[in-house]
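A quick write-up on the structure given underneath.
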Amino acid sequence: MPQLSSRIARAKPSAIMAIAEKAKQLKAEGRDIVSFSIGVPNFLPGDHVYAAAREALAKDSGQYGSNRGAADVLDAFLKHMEGIGLTGYTRDNCSVGVGAKHVIYNLAEALLDEGDTIAFPTPYWTSYMDIAEIVNAKVELLPCPPEQHYKLTPEQLDAALAKKPRVFLFNNPSNPTGMVYDKDEISALADVIAKYPDTWIITDDIYNRMVFDDVGYHNFVHARPELKDRVIFIDSLSKTYGMPGWRVGFMAGPEVVAKAVTTMNSNHITSLPEVVNAAAVAALSGPQDVPEAKVREFQAKRDEVLAVLDAIPGIVCPRPQGAFYVFPDISAYFGKSHAGQVIKDDVDLCKALLEAKGVACVPGSAFGEPRALRISYTCPTPQLQPGMQRIAEFFAEMA
């Protein structure tokens, strides 16, 4: 039999999806499962989005679209960017993808040759490592443990950029931690980045509208406008608008990069479908009441989750201020037992929690931090408190 490529041997299935599928399987078997595993917002967009999609279907041309993205989609995205203070971009600075993950993969192909280095903080979103390995890039991890609130320091960034990685990838607000960098923190990091002109900067900021406690969203370009010629901003409809299944991602950055991503699209996807374009324009340009209400709801849920975790002895959880995750350090319970089963690590703990209490969480090792686990608290509100109570009971039963 002919052999598969060496590239496919480096590709790994999503660890998050594996947990989610296990939870689905148990639920199908009749188990009462509360899933805190997959990072989906669990709400639907406003009716105007569906109305726009239906109208587009009625007028469907059946034709190919633009590799870069339809003009009205790009214009809506540019207006959306202006709302968070990212101005002065044009359509030539932008391109689309089938979700932000696809955009990041295209950027990896466009910016990284085999053997080039990409640097990013740990904890990281799982796909960062997976994509880097597929394109055969070297990875430099910048550890940001709970002791420093999962945040990168200027000193760490300075040491990393001094090695001249081709790409520095940054995520704010963060998945999996929910941490948000404030204005001063972004400014300090931007000052470091300005010293090293040979590195591309990707800011994966798809949760930029999901920020709590009035901390605000801040970007390196806000702090140092001259960085605009090498900062690439990533956004998506998935989280803000409850549209993960619609698969719409965006990038804005230097024209040369946008052109490269557009060329990749011409070989990968050709274009987004007309109906998806229409839904995207409606989401970005129409009423914002649904996403704004969800931000308030998620902040309240964050507070509920933290109240339970803070009451569990030994658990340490830096306070997240965005997205919809908490990332508690549960390592104090390694070596203890639950129902006679020794908990050696985060994977053992998540397995035991799912089996004993029917609660699905993702082990922190999937994100490069094996002392933690990730809780995505977007489940229906009636499930949140019972699910967290089961977690509290699980830890109370440890011996």
Side-chain angles (χ1 to χ4, degrees), residues 14-23 25-27 31-39 121-126 129 141 143-151 174-179 301-321 323-379 383-399:
S14 166
I16 301 170
M17 292 305 296
I19 295 290
E21 288 301 317
K22 178 64 174 177
Q25 177 188 336
L26 291 174
K27 194 168 186 177
R31 289 284 305 276
D32 177 18
I33 302 296
V34 175
S35 181
F36 292 143
S37 58
I38 193 165
T122 302
Y124 50 77
W125 181 45
T126 57
M129 182 66 75
L141 298 177
C144 302
E147 292 81 7
Q148 62 189 58
H149 301 282
Y150 298 128
K151 289 185 179 182
S174 164
N175 176 7
T177 69
M179 304 308 288
K301 285 184 171 182
R302 184 274 315 262
D303 293 342
E304 285 188 55
V305 171
L306 286 180
V308 174
L309 293 176
D310 289 346
I312 300 174
I315 284 186
V316 177
C317 188
R319 181 182 179 84
Q321 293 184 297
F324 37 66
Y325 309 107
V326 295
F327 201 63
D329 177 354
I330 39 83
S331 60
Y333 288 84
F334 295 169
K336 297 189 176 185
S337 298
H338 185 274
Q341 177 183 347
V342 177
I343 304 298
K344 298 187 297 295
D345 53 27
D346 60 320
V347 175
D348 279 353
L349 193 146
C350 285
K351 285 181 179 178
L353 178 61
L354 181 56
E355 291 167 3
K357 299 296 181 181
V359 176
C361 298
V362 183
S365 52
F367 309 98
E369 178 46 89
R371 291 183 292 169
L373 60 78
R374 191 188 76 171
I375 296 171
S376 175
Y377 51 77
T378 62
C379 63
Q383 295 180 14
L384 183 64
Q385 200 60 39
M388 291 306 302
Q389 188 57 42
R390 292 184 200 181
I391 289 176
E393 291 170 357
F394 176 82
F395 283 102
E397 292 164 2
M398 297 272 258

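Values below: every heavy atom of this structure, side chains too, minus hydrogens, waters and symmetry copies.
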- Give me the one residue out of I391, I330, V326 that meets side-chain contact (heavy atoms from CB on, under 4.5 Å) with L373. I330

- Task: Could you tell me whether the side chain of M398 reaches within less than 4.5 Å of the side chain of L349, counting heavy atoms only?
- Result: yes

- Query: Q383 and V34: which non-hydrogen atoms are nearest, and at how many Å?
  - Reply: O-CG1, 4.0 Å

- Query: Within a strict 4.5 Å, meaning less than it, do heavy atoms of the V362 and T126 side chains meet?
  - Reply: no

- Test I33 against L354 for side chain to side chain contact (heavy atoms under 4.5 Å, CB included), laying out the working first. CA-CA 8 Å; I33 302 296; L354 181 56; 4.2 Å; yes

- Message: Measuring from atom CD of E397 to atom OG of S337, what distance do you get when rounded to the nearest 0.5 angstrom?
- Response: 13.0 Å

- Message: Nearest 0.5 Å, please: how far is CG in N175 from CH2 in W125?
- Response: 7.5 Å

- Item | Atom of A352, atom of Q341 and distance for their closest heavy-atom approach | CB-OE1, 4.0 Å

- Query: Of all heavy-atom pairs between S376 and I38, which one has the smallest distance, and what is that distance?
  - Reply: OG-O, 3.3 Å

- Taking the side chain as every heavy atom from C-beta outward, state whether P370 and D345 have any pair of such atoms under 4.5 Å apart. no

- Quick one: does F394's side chain get under 4.5 Å of L353's, heavy atoms only? yes

- Would D346 and E369 count as a side chain to side chain contact (heavy atoms under 4.5 Å, CB included) if you check the C-alpha gap in whole Å, the side-chain angles of each, and the deciding distance to 0.1 Å? CA-CA 9 Å; D346 60 320; E369 178 46 89; over 6 Å; no

- Item | Residues which pass side-chain contact (heavy atoms from CB on, under 4.5 Å) with K301, listed by chain and number, not counting sequence neighbours | E297, F298, Y377, T381, L384

- Query: Which residues pass the side-chain contact (heavy atoms from CB on, under 4.5 Å) test with S331, sequence neighbours left out?
  - Reply: D329, F334, R371

- Query: Looking only at atom types and distance, does a side-chain atom of R374 sit under 3.5 Å from a main-chain N or O of P363, one as donor and one as acceptor?
  - Reply: no

- Separation between CD (Q389) and CD (Q385), nearest 0.5 Å, reads 7.0 Å

- Minimum heavy-atom distance R302-P320, with the two atoms named: NH1-O, 2.6 Å

Can you list, pair by pair, the side-chain donor-acceptor contacts under 3.5 Å of residues 303-316, counting residues two or more places apart and other chains?
none

- Task: Taking all heavy atoms of S35 and all of C379, pick out the closest pair and write down the distance.
- Result: O-CB, 4.2 Å

- Task: Identify the two heavy atoms, one from Y325 and one from P176, that lie closest to each other, and give their separation to 0.1 Å.
- Result: CB-O, 3.2 Å

- Is there a side chain to side chain contact (heavy atoms under 4.5 Å, CB included) between Y124 and L141 once you walk through the steps? CA-CA 9 Å; Y124 50 77; L141 298 177; 3.9 Å; yes

- Short side-chain to backbone donor-acceptor contact, Y150 and F327, under 3.5 Å: yes

